[in-house]
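Heads up: the structure comes next, in structure tokens.
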Amino acid sequence: FDGPTVSERLDSAHKAIKARDYDRAMKELQAAVKDEPRNPDVHNLIGYTYRVRANPDLPKSFEHYNLALKYNPNHKGTMEYMGEAYLMDKKPEEAEKMLTRLETTCGNQTCAEYQELFKAIADYKSAKK
């Protein structure tokens, strides 16, 4: 027995994130990334966890989003999350580049990730006014 699989760790991390237990999520994800350093889902969730915790670490977040996209250039979840991270970083033009990339990847404007990021950008802009 060599411990949980990467997909089990991802499940545990998802549950921990839902419960806002970001330390536990990060422990699971750090273990998962040791097992599969090139797994885009793992890097995407690490990026997300760095971004949503009480003291966000955006540089770390971007580092892992970039790795996720390096290992899977069509990772829609990462494009959405990275776009949201750019908004946190007050870079709406970068977020819009991600939105364009999502539209290309999805082949439409109706995929969930496109819709989510589109809404986040719209909310960001209306809050700015």
Side-chain angles (χ1 to χ4, degrees):
F1 177 72
D2 21 274
T5 65
V6 166
S7 69
E8 285 166 347
R9 289 199 186 280
L10 276 168
D11 281 345
S12 302
H14 273 292
K15 288 191 184 91
I17 286 168
K18 276 210 173 70
R20 298 183 191 284
D21 185 348
Y22 300 121
D23 290 341
R24 191 165 69 90
M26 201 54 102
K27 277 195 190 77
E28 293 286 352
L29 293 165
Q30 298 292 3
V33 86
K34 275 195 188 72
D35 290 343
E36 288 185 19
R38 302 170 68 91
N39 183 316
D41 296 327
V42 174
H43 284 292
N44 182 38
L45 261 199
I46 293 176
Y48 179 80
T49 304
Y50 274 123
R51 177 166 71 91
V52 296
R53 59 188 200 174
N55 51 336
D57 185 336
L58 286 176
K60 278 281 194 207
S61 191
F62 282 117
E63 183 186 318
H64 286 282
Y65 289 148
N66 279 314
L67 283 168
L69 288 174
K70 177 177 154 188
Y71 300 132
N72 177 2
N74 297 321
H75 199 287
K76 295 187 293 235
T78 302
M79 293 177 209
E80 178 199 328
Y81 286 166
M82 196 168 184
E84 291 167 2
Y86 278 126
L87 294 175
M88 278 177 77
D89 207 17
K90 301 186 177 39
K91 294 181 178 158
E93 58 293 333
E94 293 298 326
E96 287 181 335
K97 284 182 196 160
M98 279 293 147
L99 190 66
T100 304
R101 191 165 163 182
L102 264 172
E103 186 178 352
T104 307
T105 304
C106 295
N108 59 48
Q109 297 185 349
T110 51
C111 71
E113 295 84 358
Y114 180 94
Q115 297 277 324
E116 289 290 318
L117 183 53
F118 183 86
K119 185 181 177 312
I121 292 171
D123 291 347
Y124 177 90
K125 287 181 167 168
S126 63
K128 271 286 182 252
K129 290 197 172 89

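Sequence positions, counted from 1, serve as the residue numbers for this chain.
- Only one option out of Leu67, Asn72, Leu29, Asn66 pairs with His43 in a side-chain contact (heavy atoms from CB on, under 4.5 Å); it is Leu67.
- In this structure, Lys60 and Glu63 have side chains that are in contact, with non-hydrogen atoms separated by less than 4.5 Å.
- Under the 3.5 Å distance criterion, the side-chain polar atoms of Asp89 are left unmatched by any main-chain donor or acceptor of Lys91.
- Hydrophobic clustering (side-chain heavy atoms under 4.5 Å, transitive across Ile, Leu, Val, Met, Phe, Trp, Tyr) groups Tyr124 together with Tyr114.
- Of all non-hydrogen atoms in Arg24 and Asp21, the two that sit nearest each other are N-OD1, 3.1 Å.
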May I have the step-by-step check of side-chain contact (heavy atoms from CB on, under 4.5 Å) for His75 and Tyr65, ending in yes or no?
-> CA-CA 10 Å; His75 199 287; Tyr65 289 148; over 6 Å; no
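- Within the structure, the salt bridge (charged side-chain N to carboxylate O under 4.0 Å, His left out) test picks out the following pairs touching residues 67-88 (sequence neighbours left out): Arg51-Glu84.
- Hydrophobic cluster membership is shared by Val52 and Leu87, with clusters built from Ile, Leu, Val, Met, Phe, Trp and Tyr side chains linked at under 4.5 angstrom.
- Distance check: Ile46 CD1 to Glu28 CD gives 11.5 Å after rounding to the nearest 0.5 Å.
- Of the possible polar contacts, none joining the Gln109 side chain to the Gln115 backbone as a donor-acceptor pair under 3.5 Å is found.
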Donor-acceptor contacts under 3.5 Å from residues 11-18 side chains, at least two apart:
unit_1: Ser12; atom_1: OG; unit_2: Glu8; atom_2: O; d: 3.1

So Val33 and His64, side-chain contact (heavy atoms from CB on, under 4.5 Å) or not? Walk me through it.
-> CA-CA 11 Å; Val33 86; His64 286 282; 5.5 Å; no
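- Within the 3.5 Å criterion, the main-chain N or O of Leu45 finds a donor-acceptor partner in the side chain of Thr49.
- For Asn39, the side chain to side chain contact (heavy atoms under 4.5 Å, CB included) test picks out Val6, Glu36, Asp41, Val42, with sequence neighbours left out.
- Paired with Met79 under the rule side-chain contact (heavy atoms from CB on, under 4.5 Å), one option of Asn44, Leu117, Leu69 passes, and it is Leu69.
- Listed by first and then second residue, the disulfide (SG to SG under 2.5 Å) pairs that reach into residues 38-125 are Cys106-Cys111, sequence neighbours excluded.
- Sorted by first and then second residue, the pairs that involve residues 80-105 and meet ring-ring contact (aromatic ring centres under 6.0 Å, His included), not counting sequence neighbours, are Tyr48-Tyr81, Phe62-Tyr86.
- In this structure, the separation between OG1 on Thr100 and CE on Met98 is 10.0 Å, given to the nearest 0.5 Å.
- Summarising the geometry of Tyr71 relative to Pro40, their closest heavy-atom pair is CB-CD, 4.3 Å, with the distance given to 0.1 Å.
- Contact detail for Ala95 and Gly83: the closest heavy-atom pair is CB-O, 3.4 Å.
- Residue pairs meeting the salt bridge (charged side-chain N to carboxylate O under 4.0 Å, His left out) criterion with at least one partner in residues 101-122, sequence neighbours excluded, are Lys119-Asp123.
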